[in-house]
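Here the structure is laid out as structure tokens; the discussion comes afterwards.
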Amino acid sequence: MLKLLRDGAGALGLTLDDAQLAAFGRCCDLLLEKNAVMNLTAITEPAEVARLHFLDSLALLRLADFRGKRVVDVGCGAGFPGVPLLIGEPSIRLSLLDSTAKRMQWLSDELLPALGLEAECLTGRAEELIEGRRETYDLCVSRAVARLNVLCELCLPYVKVGGSFLAMKGAAAEDEAQEAGPAIRTLGGSVREMAEYSVGDAVHRVVIIDKIRPTPAKYPRRFAKIKQQPL
Ligand code: SAM
């Protein structure tokens with residue numbers, strides 16, 4: 001697993017030292033151990049955890065400069081992509097955000113302390129936690145949370161003008177970006193790039209959206225509204 005991780009990181013152009021590899025090993029053990037009693041991930045093989053959780057997350061480090069940046073991971077679940085990003089680039093000032101209290105409690109009380117990592121853990125819905133956090137992050141990241149037109153309303157309000165939102169998407173990235181065009185414009189964003197990278201045989205995509213104008217204060221709306229009437 002660690003060899004796969006080191007080689008995979010190398011293929012992405014990243015170098016992981018022994019301490020970082022050890023942290024990923026421990027993270028994998030703790031994830032799979034807890035997964036036996038709590039639904040954290042559908043992936044149960046260490047090699048697959050390395051590929052589909054760790055390397056997939058680490059790939060973002062090549063797409064933006066994360067050094068010293070304030071980063072929020074919206075809908076982080078068991079900590080992806082946020083925790084691997086923090087192991088890979090420890091200078092990140094990370095907030096992990098998810099509406100599922102049990103997963104957030106596992107992250108804050110068990111995983112992060114065991115790895116000696118510090119991150120702010122925010123439990124609640126993204127659209128409800130915005131007060132006091134509007135446009136305070138340099139970068140927002142999110143994977144497997146919602147279609148892009150809905151996701152933008154959850155994420156872009158957190159990003160400072162001059163910052164970026166990196167939405168991790170699969171094969172449908174192009175279609176989703178097309179569909180989300182009006183939402184992105186309304187929320188003050190502009191698509192900079194559709195980045196691609198390989199994880200094993202699979203090609204993954206990231207829609208990189210720059211924040212070019214402030215998000216109007218009426219967004220985000222309540223979730224029912226966002227879902228019923230996406231921008
Ligand atoms: N990002 C993780 C990953 O890729 O492994 C988790 C993906 S999981 C499929 C989706 C997560 O998004 C769930 O943990 C869910 O609780 C969270 N979520 C969905 N809508 C949310 C919202 N409006 N605010 C905060 N979290 C949300």
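All of these numbers come straight from a predicted model, not from anything done at the bench.
- One hydrophobic cluster, built from ILVMFWY side chains closer than 4.5 Å, cannot hold both Leu94 and Leu122; they sit in different ones.
- The heavy-atom pair separating Cys76 from Leu96 by the smallest distance is SG-CB, 3.8 Å.
- Hydrophobic clustering (side-chain heavy atoms under 4.5 Å, transitive across Ile, Leu, Val, Met, Phe, Trp, Tyr) groups Leu85 together with Val83.
- Connection of Ile87 to Leu61 is established within a shared hydrophobic cluster, with ILVMFWY side chains joined at heavy-atom distances below 4.5 Å, either directly or through further cluster members.
- Nearest heavy-atom pair across Cys28 and Met1 is CB-CE, 3.4 Å.
- Distance alone, capped at 3.5 Å, places no donor-acceptor pair between the Glu127 side chain and the Glu153 backbone.
- Cluster annotation: Leu129 is not connected to Met104 through the hydrophobic network of ILVMFWY side chains, with a link wherever side-chain heavy atoms come within less than 4.5 Å.
- Both the sub-6.0 Å distance and the 45° axial angle are not jointly satisfied by Arg62 relative to the ring of Tyr197.
- Here the side chain of Ser99 pairs no donor or acceptor atom with the backbone of Arg125 at under 3.5 angstrom.
- A donor-acceptor distance shorter than 3.5 angstrom exists from the side chain of Asp138 to the backbone of Arg70, with no hydrogens or angles considered.
- Looking only at side-chain heavy atoms (C-beta outward), Ile130 and Tyr219 stay at 4.5 Å or farther from each other.
- Contact detail for Ala177 and Met194: the closest heavy-atom pair is CB-CE, 3.8 Å.
- The two atoms that bring Ile208 and Ala195 nearest to each other are CD1-CB, 4.2 Å, heavy atoms only.
- Gln20 contributes a side-chain N or O that, together with a main-chain N or O of Gly88, makes up a donor-acceptor pair within less than 3.5 Å.
- With contacts defined as side-chain heavy-atom distances shorter than 4.5 Å, the pair Trp106/Leu31 qualifies.
- Between the side chain of Glu135 and the backbone N or O of Val161, no donor-acceptor pair lies under 3.5 Å.
- Aromatic ring orientation, Phe80 versus His53: parallel (interplanar angle below 30°, classes split at 30° and 60°).
- Put simply, the side chain of Asp210 never gets that close to the backbone of Ser190: no donor and acceptor are under 3.5 Å apart.
- Residues Pro81 and Leu60 come closest through the heavy atom pair CG-CD1, 4.0 Å.
- The pair Arg205-Glu196 meets the salt-bridge criterion, since a charged nitrogen lies less than 4.0 angstrom from a carboxylate oxygen.
- For the pair Leu86 and Ala119, the tightest heavy-atom approach, listed with the atom from each and the gap, is CD2-CB, 4.3 Å.
- Side-chain atoms of Tyr137 and Ser95 form a donor-acceptor pair, as typed in the model, at a separation below 3.5 Å.
- At distances below 3.5 Å, not a single donor-acceptor pair connects side-chain atoms of Arg147 with backbone N or O atoms of Glu179.
- The hydrophobic clustering, which links ILVMFWY residues whose side-chain heavy atoms are closer than 4.5 Å, places Val49 and Phe24 together.
- Remark: the backbone N or O of Ile92 is not paired with any side-chain donor or acceptor of Arg67 at under 3.5 angstrom.
- Applying the side-chain hydrogen bond (donor to acceptor under 3.5 Å, both in side chains) test between Ser164 and each of Arg192, Glu193, Lys69, Lys211 identifies Arg192 as the sole match.
- Under the 3.5 Å distance criterion, the side-chain polar atoms of Arg213 are matched with a main-chain donor or acceptor of Arg185.
- Evaluated for a side-chain contact (heavy atoms from CB on, under 4.5 Å) with Phe165, the options Val74, Leu148, Leu187 yield exactly one hit, Leu148.
- Judged by distance alone, the side chain of Asn35 and the main-chain N or O of Thr41 form a donor-acceptor pair under 3.5 Å.
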